[in-house]
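Scroll down for the structure; my scribbles are underneath it.
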There are 2 protein chains.
Amino acid sequence: MTEQGAAADDTGTPDTATRGTATPGTGTHAPAGTDRATHQAAADAPRVTSKDVARAAGVSQAAVSLVLGDKWRGRVSTAKADAVRTAARELGYRPNLAARSLRLGRTRTALLVVPALTTEFFARVYTGAARIAADTGFGLVLYPSPEGIGPARDPFDSARATLDGVIASSMAADALTALYGEGLPLVMLDSDPHSTPAAATVNLDIAHGARLAAHHLLDLGHRRLTHLAAAVDSWTFHLRARALADTVAAVSGATLAVQAAPLSVDAGLHAAHAALTAPGPRPTALVCDDDLLAAGACKAARRLGLRVPEDVSVTGFDDLALATAVEPELTTVRLPAEEFGAAGMRALIDVLAGRPPAAPTTLPVELVTRGSTAPPPAEPRP
Amino acid sequence: MTEQGAAADDTGTPDTATRGTATPGTGTHAPAGTDRATHQAAADAPRVTSKDVARAAGVSQAAVSLVLGDKWRGRVSTAKADAVRTAARELGYRPNLAARSLRLGRTRTALLVVPALTTEFFARVYTGAARIAADTGFGLVLYPSPEGIGPARDPFDSARATLDGVIASSMAADALTALYGEGLPLVMLDSDPHSTPAAATVNLDIAHGARLAAHHLLDLGHRRLTHLAAAVDSWTFHLRARALADTVAAVSGATLAVQAAPLSVDAGLHAAHAALTAPGPRPTALVCDDDLLAAGACKAARRLGLRVPEDVSVTGFDDLALATAVEPELTTVRLPAEEFGAAGMRALIDVLAGRPPAAPTTLPVELVTRGSTAPPPAEPRP
DNA sequence: ACGTTTCAGTGTTACGTATAACGTGACCCG
DNA sequence: CGGGTCACGTTATACGTAACACTGAAACGT
């Protein structure tokens with residue numbers, strides 16, 4: 001599968017193999033097979049160590065460490081401290097993170113476990129977490145789901161040695177079993193606080209979002225709703241289902257059916273088709289667990305000759321870019337994805353610093369009303 | 001672990017600080033409330049080192065390193081090698097990556113530089129690269145764009161010390177200036193092979209994709225096309241523009257206008273509106289630089305009372321999830337995003353291993369014909 | 001004048017790994 | 001039978017950093 005690009009060679013690529021690359025000293029005559037010695041790809045970097053800085057500044061290495069570590073108050077004179085700092089700057093000194101990690105036993109690196117990164121939602125969660133990680137000098141590495149990553153080794157093999165802590169989405173709960181008991185500080189995103197032994201928890205106010213969506217539709221006059229539910233066994237989706245059911249049940253005469261589907265446009269299409277063609281009175285509103293399902297639902301409705309929102313209303317969840325790309329634009333529950341990730345990272349940093357983690361945070365969500373919802377069609381009176 | 005209170009040795013220091021060990025200065029009278037010292041969140045992990053394995057297996061630490069590093073042929077007996085391996089397994093030994101990196105001067109970690117991760121395309125690129133990184137025991141860290149990451153320090157401050165190599169999208173060219181000259185092996189994704197000094201290059205056959213889209217529309221009979229061009233100064237978009245212009249120019253009587261827009265649904269909407277309402281004969285086809293622009297273009301067309309594809313055809317680029325979420329589904333150029341990232345990672349690993357990088361790869365693209373393109377409306381004959 | 005505290009530093013060590021350098025016997029060959 | 005090779009290991013570093021333990025002075029209080 002390596003040589004893939006043989007097809008479509010009409011590009012007229014320069015076929016001359018004479019590549020004027022750098023790579024000096026490639027032995028042209030000797031094939032040599034594989035050089036056992038490291039072939040010196042690009043190791044011309046004269047590494048600058050703290051000892052070099054010390055020599056340049058006329059102090060000891062220990063003083064350099066003190067000054068650069070900002071622990072020199074009353075230990076090093078201001079003059080020498082300045083000398084150290086200018087020397088470090090002029091030499092372009094960068095501390096060797098491997099050595100520091102070895103010494104300190106900490107790596108300032110965290111792991112973010114998400115079910116899948118291609119999901120725009122989790123890409124945004126990552127972005128938010130990475131932003132504040134970068135601001136605080138942390139690294140953030142990703143573990144984007146067991147099925148996405150292929151048959152790799154246990155990704156936590158090296159975790160204990162490499163990571164200071166973990167932030168995990170409850171949607172990746174299967175991966176968590178591998179972590180459990182590893183003794184790593186763990187921050188959970190959107191998980192049942194009673195079931196998971198986490199050092200801290202950050203939640204989105206999912207139940208409130210579901211209630212907002214339900215109330216919106218009920219207020220418009222809808223009485224027959226169907227919940228296009230994610231076929232994912234996860235806390236956040238259980239919450240949505242329950243909040244939806246409770247809200248609908250509170251309004252007399254309203255019913256809530258449920259149709260499960262994996263999280264994709266296509267699955268949404270099929271599930272909505274099933275819901276809209278099921279025997280009995282047709283639902284007038286479809287409440288979907290995310291925007292992909294909602295987009296699929298809109299397609300299904302139109303294929304059945306139904307107009308959105310005149311004949312059937314649709315709501316989504318997440319407010320992805322997709323929500324405004326489809327027509328009509330989706331009424332959806334906006335989740336603060338970046339802030340979600342950022343809050344998770346902040347909580348982890350607190351835990352690592354030994355600060356008592358802030359009380360379990362719950363981030364507010366909001367209903368964005370767009371064109372995919374409207375009052376139900378006039379009921380045919382029998 | 002010296003016996004502290006044994007006797008007054010040569011120093012003759014009085015017992016002013018008899019407990020020179022942990023927690024200095026804990027006043028016995030103080031209730032102590034919250035210890036300022038590290039609060040010991042979860043540090044009960046009894047780290048297993050190669051020395052522990054050595055002791056358990058009855059060999060020296062060096063032998064453990066040899067065996068586990070698979071360099072023991074003719075140096076250690078099979079029996080002892082087995083003993084080492086079982087001891088390592090039973091103790092749950094995990095090599096300390098920080099120590100290894102310090103010793104070796106390599107980290108087995110690469111950096112992927114992308115313009116933005118929220119873009120589904122680059123999320124997929126990352127996924128592909130991460131998959132093969134995991135398979136080969138590499139780490140992969142992300143640098144998701146200067147504007148996305150906030151006012152962090154130069155992310156390459158620690159790069160030289162932490163990274164073995166870099167994979168960079170040409171769309172993040174501004175970030176590359178910081179890298180240039182750092183001496184890190186660099187693999188470029190989709191860049192002009194003549195302009196960038198990279199150790200290896202992996203390209204998508206973008207020009208071919210653009211030609212496919214243009215030919216598709218020209219074959220359907222379109223003669224007035226407008227290119228909704230990304231307002232991004234990047235090699236890949238220059239390529240699209242040129243290939244499009246060349247292909248259209250080759251068909252007599254066909255014209256190509258250009259309308260620039262940032263890469264978003266909204267920008268596509270506005271740009272398409274401008275293109276469709278510009279003075280002169282209306283274009284019958286809009287060729288968009290990505291699917292977001294195409295989705296916006298569809299919205300603009302419909303708001304002007306034009307049907308897609310009957311009145312105006314639209315093509316996209318990338319084949320994102322969005323392409324099948326909108327209606328009509330988008331005719332688009334599918335780019336093998338995961339394979340793109342994977343090829344980049346493979347190339348970098350080759351470079352790092354000292355193997356001559358495979359010839360500049362060009363990955364094939366393909367046109368996916370869906371519902372957003374059709375023959376142009378019958379021309380009103382004056 | 002004398003102990004004591006503070007200032008301003010330096011010497012040294014350990015973190016855990018990989019490998020070069022250094023022995024051992026045992027065996028083989030001339 | 002002596003030297004040389006081989007098979008099998010061990011000892012001893014070095015990587016770069018942070019922090020502990022210590023040391024001269026100078027300042028300070030009485």
Side-chain angles (χ1 to χ4, degrees), chain A residues 36-38 43 46-55 57-84 88 91 93-108 158 160-162, chain B residues 1-2 4 9-14 16-17 20-22 24 38 46-55 57-84 88 91 93-108 158 160-162:
Chain A
R36 294 173 313 131
T38 48
R47 299 302 318 275
V48 178
T49 76
S50 57
K51 206 177 297 185
D52 298 326
V53 176
R55 193 162 20 217
V59 297
S60 73
Q61 179 267 330
V64 173
S65 184
L66 252 15
V67 172
L68 265 28
D70 215 36
K71 294 179 164 53
W72 59 280
R73 290 152 282 235
R75 316 257 299 126
V76 178
S77 66
T78 316
K80 294 221 170 186
D82 283 343
V84 166
L91 292 177
Y93 169 67
R94 309 264 198 286
N96 181 317
L97 264 46
R100 176 178 292 175
S101 295
L102 176 59
R103 178 68 237 261
L104 295 180
R106 294 177 281 114
T107 55
R108 288 189 82 77
S158 53
R160 292 241 323 270
T162 318
Chain B
M1 307 313 169
T2 58
Q4 180 74 2
D9 35 34
D10 51 46
T11 60
T13 52
T16 56
T21 55
T38 49
R47 300 300 319 276
V48 178
T49 76
S50 58
K51 207 176 297 185
D52 298 326
V53 176
R55 193 162 20 215
V59 297
S60 72
Q61 179 266 331
V64 173
S65 184
L66 253 15
V67 172
L68 265 27
D70 216 36
K71 294 181 163 58
W72 57 281
R73 293 150 281 233
R75 317 255 298 127
V76 179
S77 68
T78 316
K80 294 225 169 186
D82 282 344
V84 166
L91 292 177
Y93 169 67
R94 310 262 199 286
N96 182 317
L97 265 46
R100 176 178 292 174
S101 295
L102 176 60
R103 178 68 235 261
L104 261 20
R106 292 176 282 115
T107 56
R108 286 189 82 76
S158 53
R160 292 238 327 266
T162 318

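Chain letters run A, B, ... following the sequence lines, proteins first and then strands; every chain starts at 1. Nothing here was measured: the structure is a model prediction, and the numbers come from that model. In what follows, every heavy atom counts, from backbone to side chain, and hydrogens, waters and symmetry copies are set aside.
In terms of heavy atoms, B:Ser101 sits closest to B:Thr107 at OG-CA, 3.7 Å. Between B:Arg47 and B:Asn96, the closest heavy-atom pair is NH1-ND2, 4.3 Å. Across all non-hydrogen atoms, the minimal contact from A:Val48 to A:Leu91 is CG2-O, 3.5 Å. A:Thr49 approaches A:Tyr93 most closely through the heavy-atom pair C-CE1, 3.5 Å.
At distances below 3.5 Å, not a single donor-acceptor pair connects side-chain atoms of B:Asp82 with backbone N or O atoms of B:Ala79.
Comparing the end axes of the helix from C:dA1-D:dT30 to C:dG30-D:dC1, each fitted to five base pairs by superposing C1' atoms of four pairs onto the next four, gives an inter-axis angle of 50° (nearest 10 degrees).
If you take CH2 of A:Trp72 and P of C:dG9, they are 10 Å apart, rounded to a whole angstrom. Here the P atom of nucleotide D:dC15 and the CG atom of A:Asp52 are 11 Å apart, to the nearest Å.
For the atom pair B:Arg100 CZ and A:Leu102 CG, the distance stands at 13.0 Å (nearest 0.5 Å). The structure places CD of B:Gln61 at 9.5 Å from CG of B:Leu66, a figure rounded to the nearest 0.5 Å.
Distances shorter than 4.0 Å separate some side-chain N or O of B:Ser77 from OP1 or OP2 on D:dG9.
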As a quick check of understanding, evaluate side-chain contact (heavy atoms from CB on, under 4.5 Å) for B:Val84 and B:Trp72, giving each step before the final call. CA-CA 11 Å; B:Val84 166; B:Trp72 57 281; over 6 Å; no

For nucleotides 16-29 of chain C, 5' to 3', base contacts (B), sugar-phosphate-only contacts (S) and non-contacts (-) with protein non-hydrogen atoms under 4.0 Å give BBBB-B--------

